[in-house]
Number of protein chains: 2
Amino acid sequence: MTPQTDEGALVDDIAARIRARIMDGELPIGKPLRQAALAAEFGVSRTPVREALRQLQNGGLIEMQPHRGAVVRVPAPWEVRQAYEVRAELEALAARRAAARITGGQLAELRRHNDVLRAAAEGSGTSGAGAPDTTRANDCFHTVVCQAADNPWLSRMIDRINESFPRNVSSLALAGDERHRQLNVRQHDAVVAALTDRDEDRAQETMREHVISAGEHLTAWYERRSQTVFHG
Amino acid sequence: MTPQTDEGALVDDIAARIRARIMDGELPIGKPLRQAALAAEFGVSRTPVREALRQLQNGGLIEMQPHRGAVVRVPAPWEVRQAYEVRAELEALAARRAAARITGGQLAELRRHNDVLRAAAEGSGTSGAGAPDTTRANDCFHTVVCQAADNPWLSRMIDRINESFPRNVSSLALAGDERHRQLNVRQHDAVVAALTDRDEDRAQETMREHVISAGEHLTAWYERRSQTVFHG
DNA sequence: TAGGCTGTAAATGGATCCAATGCCGCTGAA
DNA sequence: TTCAGCGGCATTGGATCCATTTACAGCCTA
């Protein structure tokens, strides 16, 4: 049906689409996922849907209980903290490696992405919905650092962590907190400065602090709100 | 059929069994995996086998090409280095956390495991096959450190890396090199000493060096030998 | 009226069936 | 003799089918 560029992997496509639904918040955390419904929605049979769900389970994004179906996983607050501690270490490593490898073009890219965030942080306090391009700019910032680190395994591990938590939740946590958005931007600035100076230690340390700080913020948010959780 | 302790997850069981086959080297890297053969071997239909294979693919242990089957993945040498750089960072973090949390019992356990390795390193130069209990002791050593770190996410990430490379290969790389086995033991000693002193920085650093060193060794081995690769 | 029981409906998990794709060997012609 | 074309075979991927299990609603009884 879909043109299917070249991939013979229909199941991966399905998995990606379901993941996107969850990431966007279209499927809120805690919501049960019906195989039949998803199959109908995507115009395929239940078989590939099942395999896709199992992939997502493996990635930790959903939970499957035998004969009881799959639900979008609700991470416990302490899990968020733990995961972010790991992520901090990995991103810090990425920043360290990037310090020695990053190109001028990539540095410019980082500044551009951070400028988007800066504008959003200072400008509109509450820009309606979770500000999709803000989220995007944030993602891009970290992605560029990972690319500059030039270690696919590292990137992959970081991706795995990110894919384990619905993105919209992270955005929501930031959406209401102008203070923290500005802190974010300043921390990004510090990272960029360290990278510009090719200072490996500082790059590593600033990035670690940044991610830890984001993790604490997100954890606190989780502890407060159980909103965006499906109640049915 | 199988007693199936409590898990309603037959597919996970299948995946674990296939993974074990690969880890033990019973299925050498590069070998094609036939769904029908595996299904017959385990006495189930192809459906759960397929899902299990996809899980393994997701974990990076095997490669699947559309309509062309699955093969046990042959990691490129540089991949090993990259992965071990990540693993080093994570295990180092685990050691740092462990330094502040490890119990006396766990320290004793570490010494016990390392004593097994010490005996193997000094005693029989080439103890026939890959010395399964040596491998086991090594695994246990790192597992205990992870447990002491008390961060399930961290443990999980480290496991994921380990599960991406057939274990027997790592053992084989060590089997022939008495020099390196002794180095291993000394490095473990250093880690234990740092943990005993509750010295976070030293624990982190010694562990990082240890894993990096193991990674370099394994990478070099990979570059030399393409043995244990399936030729068919 | 509350609580427990049962029967029915729905959803999952595994097995089987069918179509699609790739591989390999055979045949025939240059 | 060699290479292109062709057809059968093996294998995978997706759809469908059936058994098993769980959830829920209604009913009966204390």
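Proteins get letters first, then strands, A, B, ... in listed order; numbering begins at 1 in each.
Atom pair B/Leu53:CG and C/dG14:P shows a separation of 14 Å (rounding to whole Å applied). Atoms CG (B/Asp13) and C1' (C/dG14) sit 14 Å apart, rounded to a whole Å. The nearest whole Å value for the distance from the CD atom in A/Gln65 to the P atom in C/dG13 is 11 Å. In this structure, B/His67 places its NE2 atom 18 Å from P of D/dA10, rounding to the nearest Å. The distance between atom CD of A/Gln35 and atom C1' of C/dA10, rounded to the nearest whole Å, is 12 Å. Straight-line distance from the CD1 atom of B/Ile62 to the C1' atom of D/dT12: 13 Å, rounded to whole Å. Between the CD atom of B/Glu51 and the C1' atom of D/dT12 there is a distance of 15 Å, rounded to whole Å. A/Phe42 places its CZ atom 14 Å from the P atom of D/dG14, with the value rounded to the nearest Å.
Residue B/Leu33 is classed as a sugar-phosphate contact, given heavy-atom separations below 4.0 Å to backbone atoms only.
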Go through B/Glu63 and B/Gln57 one step at a time and tell me if the side-chain contact (heavy atoms from CB on, under 4.5 Å) criterion holds.
-> CA-CA 6 Å; B/Glu63 256 181 0; B/Gln57 177 205 26; over 6 Å; no
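Here C/dG13 is the nucleotide among C/dT12, D/dG14, C/dG13 with the atom lying nearest to any side-chain atom of A/Met64.
Remark: B/Arg68 is not in phosphate contact with C/dG22, judged by side-chain N or O atoms under 4.0 Å from OP1 or OP2.
Taking the side chain as every heavy atom from C-beta outward, B/Thr134 and B/Leu117 approach each other to under 4.5 Å. In this structure, the side chains of A/Leu110 and A/Ile102 come closer than 4.5 Å at one or more pairs of heavy atoms. Side-chain contact between B/Val211 and B/Glu89: absent, with no pair of heavy atoms (C-beta onward) separated by less than 4.5 Å.
Residue B/Glu26 forms a salt bridge (Lys or Arg N to Asp or Glu O under 4.0 Å) with just one option from B/Arg17, B/Arg19, B/Lys31, B/Arg21, and that option is B/Arg21.
A donor-acceptor contact under 3.5 Å is formed by the side chain of B/Arg46 with the base of D/dG13. For B/Arg50 against D/dG14, a side-chain N or O and a base N or O form a donor-acceptor pair under 3.5 Å.
Ranked by how close their nearest DNA chain C nucleotide is to the 5' end, A/Ala70 and A/Thr47 are led by A/Ala70.
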